[in-house]
Amino acid sequence: GALRRFIEAGRKVDADVELITRKDYNRLAEYDALLIRETTAINHHTYRFAKKAEAEGIVVIDDPDSIVKCTKKVYLAELLAFNRVATPRTLVLRKGETADLEAAVGYPAVLKIPDGSFSRGVHKAGTPAEAAEITRRLFRDSDLILAQEYLYTEFDWRIGILGRRPLFACKYFMSRDHWQIVRHEGDRRDEGGFDTIAVEQAPKDVLRVALRAANLIGDGLYGVDVKSTARGAVVIEVNDNTNLDGGIEDKVLGDGLYQ
């Protein structure tokens, strides 16, 4: 539905919009602009498309630099910490090294692989024994793991930002009886509800910290996940290629979001 509305929005400004797939890589130079609407990753065709577009002088969202910065969670955590953007307490775990998680982030602790998405590769450890088992499994595939303080809230804010300006404000609620927005159980996937509100109605501290975080990445299209806590708004992560789903993120702006 969102893709159809992008096409309709293009027609209203005399722009020809065409849907392409990974098979159209060699045709990319025929276009003036590229808007990637697929989950991005470094070792993936989305990144190769972004790099080729940049090399051809084609306007591209998401740009390659944003893809790199956002999909590497360790880099992102260090970038936010260096620039003193409020986040949960965070520690980078390296294979072969020991760390006192209780002192650094406390229990329960959230353990993440560096390049997961949609809640995959994210685990909660309630005890040192659970943390040891989870890290042992995660270190099979990664030399680095991100450990973060566990901050439960009923929902996460997602602030959409385009060109350094807020585009939408949405609450993503946790999946039923779970601590994440998306709950994975084998092939089953359950998601919580949502509530989209006008940007001007979102809490000012949430908007402020989201903009600070996104501006460190660039001027593209981002979705910043923020939690409202007792100590203020904290950034969980900055996503390139933010969700834009018909009936959810566009619920307030309607066609205006796509235009």
Side-chain angles (χ1 to χ4, degrees), residues 39-44 47 62-125 131 134-135 137-153 156-161 172 179-182 205-229 231-243:
T39 304
T40 57
I42 300 299
N43 187 24
H44 194 251
Y47 183 67
D62 300 312
D63 63 274
D65 192 49
S66 293
I67 294 175
V68 170
K69 288 178 177 177
C70 290
T71 56
K72 296 297 182 184
K73 288 186 172 62
V74 171
Y75 170 86
L76 182 61
E78 292 178 343
L79 179 69
L80 296 175
F82 181 79
N83 288 277
R84 299 185 178 182
V85 176
T87 63
R89 288 183 292 161
T90 301
L91 178 68
V92 177
L93 304 177
R94 292 171 172 81
K95 186 184 289 187
E97 294 183 1
T98 58
D100 187 349
L101 279 185
E102 187 157 14
V105 302
Y107 285 104
V110 177
L111 301 168
K112 302 179 179 180
I113 59 175
D115 54 358
S117 60
F118 293 103
S119 298
R120 288 196 180 278
V122 182
H123 306 270
K124 184 174 70 170
I134 292 169
T135 54
R137 286 190 281 111
L138 296 183
F139 275 137
R140 291 174 186 166
D141 300 314
S142 176
D143 291 332
L144 299 173
I145 298 172
L146 211 59
Q148 281 190 325
E149 172 187 13
Y150 174 69
L151 296 173
Y152 178 79
T153 52
D156 285 355
W157 286 100
R158 168 66 64 85
I159 304 299
I161 293 171
Y172 295 158
W179 59 280
Q180 293 171 290
I181 294 165
V182 182
D205 62 335
V206 170
L207 293 174
R208 185 165 53 248
V209 76
L211 281 166
R212 279 197 65 204
N215 287 346
L216 295 173
I217 306 299
D219 62 357
L221 175 64
Y222 310 107
V224 186
D225 294 336
V226 180
K227 285 183 179 289
S228 286
T229 73
R231 66 175 190 248
V234 298
V235 173
I236 302 303
E237 62 185 15
V238 182
N239 303 278
D240 70 304
N241 205 270
T242 182
N243 291 55

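Computed from heavy atoms alone, side chains included, the values below leave out hydrogens, waters and symmetry copies. All figures in this text were calculated on a predicted structure; none of them were measured in a lab.
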Taking all heavy atoms of Tyr75 and all of Lys69, pick out the closest pair and write down the distance. CE2-CG, 3.5 Å
For His44 and Ile67, run side chain to side chain contact (heavy atoms under 4.5 Å, CB included): C-alpha distance rounded to whole Å, both residues' side-chain angles, the deciding distance at 0.1 Å, then the answer. CA-CA 11 Å; His44 194 251; Ile67 294 175; over 6 Å; no
Just how far is it from atom CG of Asp62 to atom CG of Asn241, taken to the nearest 0.5 Å? 4.5 Å
Between the NZ atom in Lys112 and the OG1 atom in Thr90, the distance rounded to the nearest 0.5 Å is 7.5 Å
Kindly compute the distance separating CZ (Arg89) from CG (Leu151), expressed to the nearest 0.5 Å. 8.5 Å
Close side-chain approach of Val234 to Val209, heavy-atom, < 4.5 Å: no
On a heavy-atom basis, the closest approach of Ser66 and Tyr222 is OG-OH, 2.7 Å
May I ask you to check whether over 12 heavy atoms, not counting those of Asp100, lie within 6.0 Å of atom CG? yes
Within-4.5 Å side-chain heavy-atom neighbours: Thr153 and Ser228: no
Before giving the answer on side chain to side chain contact (heavy atoms under 4.5 Å, CB included), spell out for Thr242 and Arg158 the whole-Å C-alpha distance, their side-chain angles and the decisive distance to 0.1 Å. CA-CA 9 Å; Thr242 182; Arg158 168 66 64 85; 3.0 Å; yes
Is Tyr172 close to Asn243 at the side-chain level, that is, under 4.5 Å between some pair of heavy atoms? yes
I need the Leu91 CG to Leu146 CG distance, nearest 0.5 Å. 8.5 Å
Heavy-atom side-chain contact between Val226 and Ile236 under 4.5 Å: no
Is there side-chain contact between Val235 and Lys227, with at least one heavy-atom pair below 4.5 Å? no
Under 3.5 Å, side-chain donor or acceptor atoms of residues 212-221 against the rest of the protein: list the pairs with distances, not counting sequence neighbours.
{"unit_1": "Arg212", "atom_1": "NH1", "unit_2": "Arg84", "atom_2": "O", "d": "3.3"}
{"unit_1": "Arg212", "atom_1": "NH2", "unit_2": "Asn83", "atom_2": "O", "d": "2.6"}
{"unit_1": "Asn215", "atom_1": "OD1", "unit_2": "Arg164", "atom_2": "NH1", "d": "3.4"}
{"unit_1": "Asn215", "atom_1": "ND2", "unit_2": "Leu211", "atom_2": "O", "d": "3.3"}

Closest approach of Cys70 to Asn239 (non-hydrogen atoms, all atoms of both residues): SG-C, 4.1 Å
With the side chain counted from C-beta on, respond yes when Glu78 and Val92 share a heavy-atom pair under 4.5 Å apart, and no when they do not. yes
How close do Lys124 and Ile134 get, counting heavy atoms only, and between which atoms? O-CD1, 3.7 Å
Side chains of Tyr47 and Thr40: any donor to acceptor distance under 3.5 Å? no
Closest heavy-atom pair and its distance - Leu93, Ala99: CD2-CB, 3.7 Å
d(Ser142 OG, Arg94 CZ) to nearest 0.5 Å is 11.0 Å
For Leu76 versus Val238, what's the shortest heavy-atom pair and its separation? CD2-N, 3.4 Å
Rounded to the nearest 0.5 Å, how far apart are CD of Gln148 and CG of Leu111? 10.0 Å
Please tell me if the side chains of Ile113 and Ile145 come closer than 4.5 Å, counting only heavy atoms from C-beta onward. no
Can Arg231 and Glu149 be said to form a salt bridge (charged side-chain N to carboxylate O under 4.0 Å, His left out), step by step? CA-CA 13 Å; Arg231 66 175 190 248; Glu149 172 187 13; 2.8 Å; yes
Any non-hydrogen side-chain atom of Tyr107 less than 4.5 Å from a side-chain atom of Leu101? yes
